[in-house]
Structure formats: C-alpha cells, structure tokens
Amino acid sequence: MADVTVDESSFARAAGRQLLIYGLLTLIGFTAIMFGLNVMASFVGSDTGSSKAIDASTKSITLALRDEPPQLDSTKATDAISGQILGHVMEGLLRQDAQNKIQAGVAETWEITPEGATFHLRPDALWSDGKPVTAHDFVFSWRTVVDPKTASEYAFIMYFVKNAEAINLGTLPITELGVTGLDDRTLRVEFERPLSFFEKVVAFKTFLPIREDFYKQTKGRYGADTHEMLYNGPFRVTSWVHGASLKVVKSEHYWRRDEIKLNSINWAYMTSDPNATFNFFKDGKIAVAGLSADSLANAMEQRWQIKQFQEGVVFFLEFNQRPDRLTRNLNLRKALQLVNDPSEVVNKVTKLPGYLVSDSLFPVYLDGVKDKFKVEKPPKQIVRDVAAARRHLELAKQELGLKEIPPLALLSDDTPTANVMAEYYQGLFRDTLGLELRIDKQIFKQRLAKMTSGEFDLVTAGWGPDYEDLLTFGDLFASWNLNNRGRYASAEYDRQVRIVQSSMDQVERVEAFAKMQDLIIDDAVILFNYERGASYVTHPQIKGIVRRVIGSDPDFSYAWIDEGQG
Amino acid sequence: MLRYTFYRLIQGFITVWFIATATFTAMHMIPGDPLTSEKAMTAEIRANLEAKYGLDKPVGEQYLIYLKNIASGDFGISFTQKNREVNDIIREHFPVSATLGLLAILFAATGGVLFGALTALFRNRAPDYAIMFFVILGISVPGFVVAALGQLSLVNINAFLGFTVLPVGGWGTVAHMILPAMVLGLGTMAYLTRLMRSSMLEIVNSDFIRTARAKGLPATRVFSKHQLRNASLPVVTVLGPAIAGITTGGFVVEYVFAIPGLGRYFVQAVQQTDYTVIMGTTVFYGAFLVFMVIAVDLVYGFIDPRVRLK
C-alpha cells in the first residue's frame with residue numbers, strides 16, 4: 001500500500017472510532033432485541049430459571065428428566081421414563097410400596113384362585129375430576145391394550161388373562177377378554193393360565209385404569225398433553241412443556257393424600273447429557289443427578305455422598321446358532337467362552353461406575369425361595385483357560401472341516417461403550433485364539449433389525465425385566481421365544497421353561513431355573529459381560545427416594561424434605 | 001424482478017421435492033423400520049401394525065401417499081410419540097430453535113463484521129493477532145466442547161459469586177438464551193470474521209477507495225460508506241445458508257443446555273427410524289434452507305444494484 005499517501009495511522013484511528021460507535025450501537029440493538037425476546041419467550045418456554053433444587057417452605061423439589069416421555073397413555077407406554085411419570089400420577093389395582101412390597105391400590109381387598117382373581121375397589125379412589133374409579137375403567141383399559149388396533153407393544157404381558165392372546169392376534173372380539181366389572185366396585189379377572197406372580201404383574205403400568213368417556217373425548221390424543229389425560233395417582237400433571245419440563249402437584253383427590261409429603265415435583269430440565277445434568281446439580285438447580293465415569297470422580301472430590309443402584313439389566317454377547325452359522329458349533333462357542341473374562345470387561349474395558357461382573361443370565365436382585373436366587377443357586381464359575389480354549393478351537397476346526405476359522409461378524413451398537421467392547425473382543429480373540437472379528441456397527445434399531453433377521457455371528461445384546469420374576473429372563477432362550485434371536489434351541493431348556501411357567505411351587509421353580517442357569521453356561525449360549533448399575537448423587541435434604549428395577553423408578557411419591565440436614 | 005422471484009421459487013420447490021424423495025428412498029433402504037422394537041413380535045401382530053400405519057402397501061404407493069400428504073401439509077403422526085402429530089412437534093419446537101438460531105446468527109454476523117473490520121484496520125498488529133487467535137480457536141474447536149466448557153465455566157462462576165449470574169440450562173427467559181446463543185454462533189462468527197477481514201483487505205487496495213481518499217473524503221466516510229459496506233457483501237452471501245445451518249444444527253447446544261428445540265426430535269427420529277418425524281423434519285428443514293437461500297439472493301439485490309440487472 002505504498003501508493004496510498006494519506007497518513008495511515010490517522011485513518012485507522014478515525015475508522016476505529018467509527019467502528020467503536022457501530023459496536024456500541026450493536027450492543028444497544030442487542031439489548032433491545034433481548035428485551036423483545038424476553039416478552040416473546042414468556043409465551044413459549046417454561047419457567048425454569050427461578051426454581052431451586054429443594055424448597056422446604058413449599059415442599060417442592062426440582063429434578064431433571066433424561067428424556068421426554070413419549071406419551072403418558074399407559075396402554076402404549078413401553079419406556080422407563082413414561083413408567084416413572086405414570087407411577088407418580090396413576091395408580092393401579094395394586095401398588096408397590098417404599099420397600100417394593102405389593103400393597104392395596106385402587107383395590108381395597110382381593111382374592112386369587114388358580115382360575116382367576118376378584119378385586120374389590122375402594123370407594124374413595126377418585127379420578128382427578130372427582131369421579132370415582134370404577135371396575136369399568138379397568139375393563140376398558142385392559143381391552144384397549146389387547147385390541148390389535150391399539151398395537152400395544154406390551155400386550156403380551158396380559159396374555160395370562162383369558163382370551164387375551166387370541167384377541168391380540170385378531171381372532172376374537174375384544175369383548176371376549178376375561179375381565180368383567182361385576183358392579184362398579186367389583187372386578188373379576190379370569191386366567192388363561194395360573195400365574196404364580198400375578199400380584200406383581202398387576203402393579204405394572206400396562207394394567208392402569210383409563211376412563212372410557214374421557215379417552216374417547218381426546219380423539220386419539222390421550223396422554224399426549226396435560227389436559228388430555230385423567231389422573232388417579234398421588235400427583236397430577238399441571239404443566240407439560242414438550243421437551244422442556246413436566247410439573248406434577250399433589251392430588252387433592254387421592255385417597256392416600258395424607259401420606260404424600262411433597263406438594264410438587266418439577267422435572268424442569270430434559271436432557272440425556274450426563275454432564276449437563278451434573279452441572280445443574282452442582283449449580284443447585286436439581287435435587288438428584290446421575291453420574292457418569294467423569295462426573296463420578298468430580299463428585300468424589302466434592303465429597304458428596306454417592307449412592308448406587310443395580311438396574312437389573314444384564315448384557316452379554318449372544319451367539320447366532322442358525323444352521324448356516326459357524327457359531328452353531330459348540331466347540332467354537334466353548335473356545336470363545338473359555339477366553340472370555342467378564343471381570344476384565346467391567347474393570348478394565350468399560351470402567352463404568354456401578355456395573356457388576358455378570359456370571360449368569362439372571363441378575364442379582366431376583367428372588368429365589370427365601371433369599372435372592374443367586375445366593376441360593378450360585379452359578380458355575382468359568383475360569384479363563386487359554387490352553388483349553390485352543391483345544392476346543394482345534395476340535396471345532398476338525399468338526400467344521402476348516403483349516404482356519406474365517407472372520408466372525410460381531411454385530412454391535414454404535415455407542416461409546418459398545419465401541420470399546422467390540423474393539424476389546426476383537427483384540428482378545430485375535431491374541432488368544434488367532435480368530436478375527438469383523439465389527440458391524442449399527443444404530444439401535446438397525447442392530448435390532450439385523451438381530452431379528454440373523455445377520456450376525458455374535459451380537460452385543462442385553463435384557464431387562466418386564467415383571468418381577470425369574471421367568472422374565474428365563475424364557476428368553478426358550479426355542480419358541482421370538483426374542484431368542486440367536487435361535488438357541490434345547491429340548492431340555494424348553495422343558496424347564498414349561499415347568500416354571502405352569503408350576504405354582506416356588507421350590508420346584510427355583511430348581512428348574514437353576515438348571516436353566518447351568519444349561520446357558522454348559523451350552524455356551526452367551527458370553528457374560530456385565531449387569532448395568534447406576535451411581536447418583538442426591539441433595540442431602542431429600543429423603544425417601546425409592547429405586548426399583550421394575551415400575552416407577554426413581555419414585556419420589558414416598559419422598560420428603562428433611563430440613564435438619566445439610 | 002418478479003419473474004426472477006417466481007423462477008427461483010419454482011427451483012426451490014423442485015429442490016424440496018428432491019430432498020423429500022432422497023430422504024424417503026434412503027429411509028426405506030436402511031435395515032429396520034419404525035416397528036422394529038426390542039420386544040420381538042409375532043407375524044400376526046406385525047401384520048396388524050403394518051396395516052395400521054400403511055406400511056403393508058408397496059413402497060411406490062407409500063411414496064405417493066407421502067407426497068400427497070406433504071403437499072397438503074400433513075406430516076402424519078409420530079411413531080415414537082404415538083399420540084402426537086409431527087405438525088405439532090414442528091410447531092412447538094421450531095420456534096425455540098429459530099429464536100436461538102436467530103440470536104446466534106445476529107451475534108455471529110455483527111461480531112464477525114466488527115471484528116473482521118477491526119483486524120483489517122490493525123493488520124499485523126496486536127488486535128489483529130489477538131482476534132485471529134480466537135478465530136482459529138472458534139473454527140477448530142467443535143461445538144460440543146465449547147458448549148460443555150461454557151456451561152462448566154458458568155457453573156463455576158455462579159458458585160464463585162454465590163448467586164446465579166446466568167442459568168446453566170433450561171429455557172424460558174432471555175437469560176437462558178445468552179450463553180447457548182453465543183456458543184452456537186461462535187463458529188460462524190469466527191468464519192465470518194475471517195471472511196470480513198480478507199474482503200476488507202481486498203477492498204482497501206481497490207481503485208474506488210483510492211479515488212475516494214484522493215478526492216479528500218473524510219476517513220470515517222470512506223471507511224463506513226465505501227469499505228465497510230462493500231466488504232460486507234460476501235458476509236451477506238453466506239448469511240442465508242448460515243442462518244439455516246445454525247437454526248437446524250443446534251442439536252448439540254440444545255442437548256447440553258436442555259433446550260426444547262426441534263434438533264433433538266430430528267436426531268432422535270433418525271435413531272428411532274421414526275419415518276414420519278424423519279420425513280417431516282427433513283422436508284421442513286430442507287424447505288427452510290431453500291427459502292433462506294432464495295431470500296438472501298433477493299436481499300442481495302438491494303445491497304448491490306448490479307445483481308438486479310442480471
């Protein structure tokens with residue numbers, strides 16, 4: 001710029017001044033815009049700014065939700081978050097108390113026989129509009145669940161009710177369902193087959209009542225918004241801003257209202273980001289926060305009390321045993337089983353807080369006869385033995401008539417944990433057995449689709465319980481179970497499943513479950529990984545949070561604020 | 001001008017149709033469908049479901065039905081949020097994303113122009129180096145890192161001061177918007193600063209500036225009327241796509257700051273293979289992007305009269 005003769009520095013100064021003026025103008029403009037937006041925002045958003053984690057004077061708490069509940073229509077809800085909210089705003093015939101024991105809910109008393117059950121509804125069970133909850137409300141919702149037109153994913157859980165399966169498959173009309181209201185306050189349920197754990201199942205969200213006249217009036221939008229739903233639980237929803245917040249307040253119509261200590265629960269944030277949730281907690285905005293591996297270390301530095309909870313979900317690698325797969329060969333599966341060490345997976349690979357080393361198909365929390373099942377029937381332990389594994393591999397090669405085992409396909413989720421696991425197994429099988437793994441990474445639904453069509457040799461899979469009985473895990477590998485995606489088929493295993501399905505004798509059932517537990521190991525059906533757990537921190541003043549594997553979790557309806565603390 | 005606008009709109013419609021078709025095809029090619037769930041179902045139940053959602057019809061027929069519905073503005077009902085219409089989802093959540101996005105772009109554009117002009121004025125001197133250092137950071141550090149760091153710093157600031165300066169997350173007041181908008185706009189601002197800087201430097205050497213200064217115009221007038229105005233043209237050009245990009249790409253920021261924007265539904269729909277929401281959000285976003293590009297082209301004509309002549 002040598003040809004420009006004007007004094008450069010004075011030009012820059014003048015221009016700089018001009019720029020400063022523009023800068024200031026911008027700032028003023030921004031303030032004006034902010035002000036305008038503030039007015040606008042009051043129409044769309046939710047008021048989350050002012051709330052504190054705990055307010056003892058109003059007995060209210062603020063929390064974060066991992067995700068938006070897809071809907072609060074109990075006939076369609078499948079996910080844990082809908083289940084949690086429904087547990088706070090609805091009540092079934094029976095309910096789980098703070099010790100996870102079954103207690104009277106809408107039903108005051110009930111009798112169960114092998115043929116069926118009769119429930120006597122309490123007169124003071126009311127809907128949030130003040131009308132009584134009647135037997136017909138249960139008949140209507142149960143019929144809706146099994147109605148093929150509803151397409152409820154949880155319809156199968158009602159199959160023990162007479163004719164439920166046939167109705168769900170479309171061969172009988174819904175009026176044939178074995179549930180009738182003898183009068184407004186007496187509900188009669190007929191069984192297709194007896195169920196030893198019937199009381200626990202009836203407390204499940206799919207069995208909640210819905211009032212027909214209200215349901216019809218919402219024109220297919222039942223449970224989609226605050227005012228498109230009726231509540232009969234301890235709380236009722238007062239505001240639900242989709243994706244932002246959901247607030248419930250204590251219901252004045254609930255029959256146990258004197259026992260409910262919190263006046264309101266505000267789930268003021270919805271995000272699945274564990275670090276964000278942790279930051280909200282640190283900032284004093286929410287009363288409970290789950291911990292990730294990173295925030296766990298931070299929470300320990302802060303010397304916060306850390307709590308742990310076993311979620312009852314087991315994870316494993318499942319073999320594909322379809323006829324065209326090499327993994328149908330028992331010796332090949334045995335070889336892989338003998339090099340698998342779940343404790344290494346948990347402690348050195350995933351390193352996630354609260355995860356347990358898995359050694360059985362059955363998680364630790366399940367009950368046996370008197371004690372926990374796994375205490376009564378500890379599973380066989382598999383010790384890593386590379387030499388033995390190599391012998392099995394040689395046998396497998398002979399039986400299959402192969403010089404080398406070609407690379408096996410490991411179908412895996414596209415999540416950080418699944419990624420490190422897949423890579424770990426790739427390295428492990430290569431180093432110990434010289435076997436190659438080809439990792440097929442897929443997002444959740446695509447993995448499920450490929451699992452169902454059988455496009456894998458091994459797949460990272462998991463299973464969580466649907467009801468509180470060993471059977472929810474046990475029947476997973478029955479040859480007829482459609483969720484048995486590896487198509488393991490054993491006549492002996494099937495025989496044991498039939499015993500536990502039909503027997504009402506818990507001693508006999510537990511024996512059969514123990515045999516199933518052994519068969520899973522002897523036949524090398526799956527490679528054990530871990531049992532998922534959760535670590536979390538809570539505000540020191542909040543007490544009585546109930547965690548449970550099945551049902552509303554975490555449940556705040558029994559919680560209270562202890563002002564003496566913290 | 002009218003003819004030009006009309007022509008561009010027709011072009012836009014074809015683009016949106018193409019987006020819809022491509023999305024529809026890609027969606028049906030990946031394994032699995034919205035009915036795939038963790039719980040396996042019997043063939044009978046699956047058939048019932050397929051009939052209910054119209055998935056039992058041949059793909060070609062489904063495509064025609066989709067096109068017809070989209071043309072009438074009906075995106076159908078979500079598969080995951082079973083009782084909610086896609087139209088409701090867009091109507092409720094897009095304004096949030098749009099507010100955040102517009103604030104971010106405002107922040108990015110003004111910041112970009114101001115800082116870009118500043119660096120050009122003080123080329124190779126301290127302000128230039130300082131600003132360019134942050135520009136490089138802004139361009140190279142990914143949004144989720146900036147978002148997480150921003151949030152963490154805010155937590156520490158609030159803890160240090162003992163009161164809430166700005167909320168750490170959530171949505172509802174302007175205070176909730178400031179930090180997310182800054183984080184969201186940062187990358188674009190860095191990019192625009194660089195663009196502005198180079199375009200300023202190019203213009204300083206052009207003939208009309210030399211003439212303006214030679215004829216003795218005051219420095220402030222040369223700077224604001226000749227340099228700044230001409231140099232900001234390229235910024236306006238990229239603004240259209242940037243607005244659409246920021247408004248639609250706020251997913252990470254929405255996730256970290258727990259903001260109820262449309263981005264979350266968009267990303268989740270893909271993970272859940274939720275056909276109707278994927279189609280609804282993609283077509284909506286696509287149309288929005290196309291519309292923004294057209295709008296900028298038309299605005300361009302006002303800033304630079306030469307464009308109108310073509």
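- Taking B:Ser78, B:Ala47, B:Pro34, B:Ala219 one by one and counting their heavy-atom pairs under 4.5 Å with chain A, the maximum is reached by B:Ala219.
- Expressed to the nearest 0.5 Å, how far CD1 of B:Ile178 lies from CZ of A:Phe30 amounts to 10.5 Å.
- Chain A forms more heavy-atom pairs under 4.5 Å with one residue of B:Thr273, B:Leu102, B:Leu103 than with any other, namely B:Leu103.
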**Report entry** side-chain contact (heavy atoms from CB on, under 4.5 Å) between B:Trp171 and A:Val241, intermediate numbers included
**Finding:** CA-CA 10 Å; B:Trp171 191 251; A:Val241 183; over 6 Å; no
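- Contacts with chain B were tallied for A:Gly29, A:Gly16, A:Ala14, A:Ala449; A:Ala449 has the most, counting heavy-atom pairs under 4.5 Å.
- Counting heavy-atom pairs closer than 4.5 Å to chain A, the top-ranked of the candidates B:Gln268, B:Glu85, B:Glu254 is B:Gln268.
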Query raised in the report: Under the side-chain contact (heavy atoms from CB on, under 4.5 Å) criterion, do A:Thr271 and B:Arg264 qualify, and how do the steps go?
Result: CA-CA 9 Å; A:Thr271 178; B:Arg264 163 198 328 226; 5.5 Å; no
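- Counting non-hydrogen atoms of other residues, nucleotides and ligands closer than 6.0 Å to CD of B:Glu202 gives a total of 12 or fewer.
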Only pairs under 3.5 Å count here: list side-chain donor-acceptor contacts from residues 144-154 of chain B, not counting sequence neighbours, and write none if there are none.
{"unit_1": "B:Gln151", "atom_1": "OE1", "unit_2": "A:Asn279", "atom_2": "ND2", "d": "2.8"}
{"unit_1": "B:Gln151", "atom_1": "NE2", "unit_2": "B:Val168", "atom_2": "O", "d": "3.1"}
{"unit_1": "B:Gln151", "atom_1": "NE2", "unit_2": "B:Val256", "atom_2": "O", "d": "3.2"}
{"unit_1": "B:Ser153", "atom_1": "OG", "unit_2": "B:Leu149", "atom_2": "O", "d": "2.5"}

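- With rounding to the nearest 0.5 angstrom, the NZ atom of A:Lys285 is 7.0 Å from the CG atom of B:Asn158.
- Heavy-atom distances place both the backbone and the side chain of B:Ala117 under 4.5 Å from chain A.
- Remark: A:Lys282 NZ to B:Asn156 CG distance equals 5.5 Å, nearest 0.5 Å.
- What you find for A:Tyr22 and B:Ser224 is that their closest heavy atoms are OH-CB, 3.1 Å.
- Heavy atoms closer than 4.5 Å to chain B are found nowhere in A:Arg447, neither backbone nor side chain.
- Residue contact with chain A, scored on non-hydrogen atoms closer than 4.5 Å, involves the backbone of B:Thr80 exclusively.
- Highest contact tally toward chain B, considering only A:Asn481, A:Asp466, A:Asp79, is held by A:Asp466 [criterion: heavy-atom pairs under 4.5 Å].
- The structure places CZ of B:Arg84 at 4.0 Å from NE2 of A:His242, a figure rounded to the nearest 0.5 Å.
- Summarising the local packing, NE2 of A:His227 is surrounded by 12 or fewer heavy atoms from other residues, nucleotides or ligands at distances under 6.0 Å.
- Although no hydrogens or angles enter the test, the distance criterion places no donor-acceptor pair under 3.5 Å between the side chain of A:Lys450 and the main chain of B:Pro31.
- In this structure, CG on B:Leu49 lies 8.0 Å from CD on A:Glu153, to the nearest 0.5 angstrom.
- Using a 4.5 Å cut-off between heavy atoms, A:Asn484 makes no contact with chain B at all.
- Only the side chain of A:Tyr154 comes within contact range of chain B, with at least one heavy atom under 4.5 Å from a heavy atom of that chain.
- For B:Ile30, the part sitting under 4.5 Å from any heavy atom of chain A is the side chain, from C-beta outward, and nothing else.
- Taking CZ of B:Phe257 as the start and CZ of A:Phe280 as the end, the distance is 8.5 Å to the nearest 0.5 Å.
- Enclosure of atom CZ in B:Arg46 by more than 12 non-hydrogen atoms of other residues, nucleotides or ligands within 6.0 angstrom is indicated.
- Within a 6.0 Å sphere centred on CZ of A:Phe315, heavy atoms belonging to other residues, nucleotides or ligands number more than 12.
- A search for side chain to side chain contact (heavy atoms under 4.5 Å, CB included) contacts involving A:Thr144 returns A:Thr75, A:Phe140, A:Thr150, A:Tyr215, not counting sequence neighbours.
- For chain B, the option among A:Leu448, A:Ile33, A:Leu19, A:Thr452 with the highest count of heavy-atom pairs below 4.5 Å is A:Leu19.
- There is no contact between B:Pro218 and chain A, counting heavy-atom distances below 4.5 Å.
- Only the side chain of A:Gln71 comes within contact range of chain B, with heavy atoms under 4.5 Å apart.
- With respect to chain B, the highest number of heavy-atom pairs below 4.5 Å among A:Ser272, A:Ser453, A:Gly223, A:Ala461 belongs to A:Ser272.
- Comparing B:Tyr53, B:Phe122, B:Tyr265 by how many heavy-atom pairs each has under 4.5 Å with chain A, the most go to B:Tyr265.
- Closest non-hydrogen pair, A:Arg221 versus B:Asp88, comes out as NH1-OD2, 3.1 Å.
- Contact tally against chain B (heavy-atom pairs below 4.5 Å) for A:Ala155, A:Gly23, A:Pro70: the top residue is A:Pro70.
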Report task. Given side-chain contact (heavy atoms from CB on, under 4.5 Å), test A:Lys445 with B:Gln272 step by step and report yes or no. Result -> CA-CA 6 Å; A:Lys445 284 236 165 171; B:Gln272 297 288 331; 3.7 Å; yes
